[in-house]
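Working notes, structure below.
Only this structure's heavy atoms are used, side chains among them; waters, hydrogens and symmetry mates stay out.
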Amino acid sequence: MPKPSLLAVGALLAAMPLSAAPLATVRYTVHPDQTKQTILGIGVEIQSDSIGSGNNGLPEAPIAVPHDLTPSERERFAKEMMAGFRYVRLAGGLYWRGLDPEGKFLQPRWPSQLEELREMMDTAGIEGLSFEYWSPAPFWKANRSYTALHKPDGHARNRLRPFAPGFENDPDYQGDRERFLADFAQAVVTDIKTLAAAGLRTSMFGLQNEPYVNHSIYPTCEYPDSASYVPSYQAVASAVRAHDPSIMLFADTYHGFPKLIAPAMSDPAVAALVDAYVVHTIGWPSESVAGVHKEITEKLPPRPWFQNEYEYLTGGATPDRCLNTVEHIMNSFQLGANPTWFWLHALKPIGNAEASGYCLGFWQSQIAPIKDIPSEKKRRWPGGPEFTAIPAQLRDLEIVSAKRGDAARPGLAYNFIVNQPVTVYLAVQDRGGYTPPAEWTPTEFTLAWDGGTDRIFKRDFDRGGVSIPEHPGQADGRHGAPHLCFVAPSAPASADALDIEIGINQPILVRSQAIALERKAAAVPPGHWIYNPYNWHAVGSFAKRMPWNSLPPPRRENDRRRRQPLRHRRPPLRCRHRPRRLRSLAGLPLHPGRGRPRHPRRPHRQLFRRPSPTHPPSPQLGILGTTLIFLTHAQPSPCTHLIPVPFRSS
């Protein structure tokens with residue numbers, strides 16, 4: 001790795017006031033031989049096969065990218081969106097789920113599936129795959145199925161054979177766990193070889209995505225505890241390491257902490273096979289990075305850690321979520337010292353219920369194009385029954401609604417933010433005799449929908465937060481649906497200026513926002529794609545400027561900003577004494593609505609092509625390749641100062 005010149009370090013130190021104490025009393029020791037952190041680059045998942053809307057079911061039609069795009073759109077997708085990402089996350093058993101006749105090994109589900117993936121990665125300049133199973137091939141599972149079966153023991157058998165009931169009577173292995181795991185490990189290596197034969201390099205490997213998940217809506221394989229996960233991981237990781245030592249091996253994608261591999265990290269044989277800890281912090285607030293980092297570093301032997309699936313499970317893309325994503329990425333690299341970071345999906349099909357919170361862009365399928373606008377119809381909850389009767393006074397008002405959720409639990413409480421005083425009309429389902437708190441005034445209005453009726457209450461709110469209570473009323477074991485809100489500005493003349501913001505992980509939908517996005521998406525020709533702006537502006541900014549191995553990729557050497565003399569470059573963010581929510585990109589102030597930062601002292605430089613009406617500009621981010629070096633404070637200090645120092649690539 002190229003070293004920053006001491007002259008450059010000296011110039012930075014002279015320019016940066018690092019302490020409130022007089023300059024003469026402050027001493028720093030530079031350790032250029034100690035690398036603090038290597039930034040590998042970032043990754044994204046690809047939906048290279050079909051999945052049902054709401055992640056429910058596996059349609060037979062190959063509604064997938066890049067397969068379902070026109071030839072010209074495949075090229076544009078690879079060059080405009082995917083270029084800059086280093087890794088593509090491939091979901092084995094889900095988005096690569098074709099099988100050999102015995103059901104032992106993964107194969108392309110149509111002849112060109114892997115070839116299309118290779119062409120996309122070659123065109124984009126992507127290094128390799130992060131390959132991970134959602135489910136191994138069915139032969140290796142007790143239920144011989146990708147998903148849990150609807151049987152009394154369906155979930156107990158949605159596991160590898162040795163960890164399900166009755167393995168002692170298994171027709172192939174008769175209880176021989178060691179022989180099973182050895183054969184299973186070689187089958188995994190065979191899958192990696194199949195990818196390699198198609199020209200697809202595996203850069204990272206994980207045994208199982210979310211090993212605690214067990215259901216029938218898409219492929220899963222449960223590892224219920226460390227006793228099942230660790231021997232499986234050890235057998236498979238040993239075989240993968242023997243096949244290709246360059247593949248990064250990670251465990252175990254549990255929420256927030258690698259719970260399954262943790263008890264075995266005291267075993268040197270297991271620890272030697274864990275190159276990185278990987279967790280899921282799906283949609284978590286950016287502040288959570290510091291807590292995850294603290295727990296991992298305090299409880300486990302030193303390893304890099306990162307998350308490899310960031311998205312918002314419910315609701316759509318919003319400005320607040322855009323900012324939270326930016327902050328999460330920055331905090332992950334700076335406060336968590338992560339080597340990489342993954343967004344979930346590059347593209348999702350228009351019409352998939354989960355698409356907006358999951359993807360960087362939408363594509364219109366050539367196989368199953370969507371023309372209608374689902375949100376045009378007024379529904380009791382997103383995807384729920386349509387209203388059959390709405391009072392005239394409420395018909396034209398903005399609607400905020402929450403997902404139905406589990407009827408065995410109280411209807412969800414939620415909140416949102418308004419930019420002006422409003423009156424909220426609350427639709428409360430008639431169930432269990434529930435009445436909202438006294439501050440909600442009853443009205444004469446009622447609503448009707450297929451399956452129920454609502455009474456309407458109202459309450460005035462000032463500009464700011466609006467809090468909606470839960471619905472605890474129940475009958476026959478089912479709770480009332482979450483309340484729906486009609487929102488009316490207190491000053492009717494300002495109705496067009498009404499703006500509603502939802503929280504970063506609230507499962508609610510603002511109808512006008514959903515309609516605007518769906519109308520735009522429905523106008524896309526079949527086989528074409530568009531950006532999902534808030535998600536793309538957050539993640540794409542980093543993908544286009546993030547260094548690989550703390551070095552700029554070769555294809556970016558002609559970037560004129562990188563050719564500027566070092567004295568004209570400004571360093572990226574400097575680590576403060578305590579964690580904080582980062583409110584800027586690379587130290588530059590954000591300007592809402594523009595989708596990119598602007599330097600405070602000189603006009604913004606256009607680093608990419610000029611925008612056009614049909615092709616929006618890629619968001620820019622002024623991050624340079626950096627090496628973090630140690631600067632040890634000679635005086636007592638709360639922390640060691642970490643100064644990102646720009647370097648020249650050799």
Side-chain angles (χ1 to χ4, degrees), residues 1-40 286-287 289-298 300-305 327 329-339 545-547 549-552 561-562 564-589 597 599-602 621-650:
M1 180 180 296
K3 301 295 184 184
S5 72
L6 293 180
L7 179 61
V9 174
L12 284 170
L13 293 177
M16 296 180 182
L18 298 177
S19 172
L23 185 61
T25 66
V26 179
R27 297 179 60 193
Y28 294 88
T29 302
V30 179
H31 303 283
D33 58 320
Q34 298 183 32
T35 300
K36 170 64 177 175
Q37 176 185 4
T38 297
I39 296 176
L40 300 177
S286 59
E287 297 95 329
V289 172
V292 174
H293 179 67
K294 182 175 186 293
E295 184 177 13
I296 289 175
T297 54
E298 287 181 352
L300 296 175
R303 295 288 188 281
W305 74 271
E327 294 170 349
I329 297 172
M330 293 297 293
N331 285 353
S332 296
F333 285 113
Q334 187 180 40
L335 304 182
N338 292 174
R545 307 301 297 167
M546 185 64 68
N549 291 347
S550 296
L551 290 170
R561 183 167 182 169
R562 296 188 186 278
Q564 294 174 1
L566 186 62
R567 65 180 180 274
H568 293 311
R569 302 180 186 169
R570 292 180 63 84
L573 281 172
R574 183 171 51 149
C575 184
R576 301 282 179 170
H577 285 238
R578 58 186 179 274
R580 62 189 179 89
R581 290 194 80 191
L582 304 177
R583 286 289 174 183
S584 63
L585 300 175
L588 308 182
H599 197 287
R601 296 187 181 179
R602 63 171 180 261
L621 176 64
I623 286 184
L624 301 176
T626 65
T627 297
L628 294 180
I629 64 173
F630 283 109
L631 294 176
T632 305
H633 202 300
Q635 298 186 142
S637 175
C639 72
T640 294
H641 292 276
L642 303 180
I643 308 299
V645 180
F647 60 82
R648 301 177 190 271
S649 59
S650 58

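Asn338 and Trp305 get closest at one heavy-atom pair: ND2-O, 2.8 Å. Here the closest non-hydrogen pair linking Glu327 and Ser286 is OE1-OG, 3.1 Å.
Residues passing the side chain to side chain contact (heavy atoms under 4.5 Å, CB included) test with Pro339, sequence neighbours excluded: Leu40, Pro304, Phe306.
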From CA spacing to verdict: side-chain contact (heavy atoms from CB on, under 4.5 Å), Thr29, Arg27: CA-CA 7 Å; Thr29 302; Arg27 297 179 60 193; over 6 Å; no

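In this structure, the separation between CD on Glu287 and CG on Leu335 is 10.5 Å, given to the nearest 0.5 Å.
In this structure the side chain of Met546 reaches within 4.5 angstrom of the side chain of Ile39, judged on heavy atoms.
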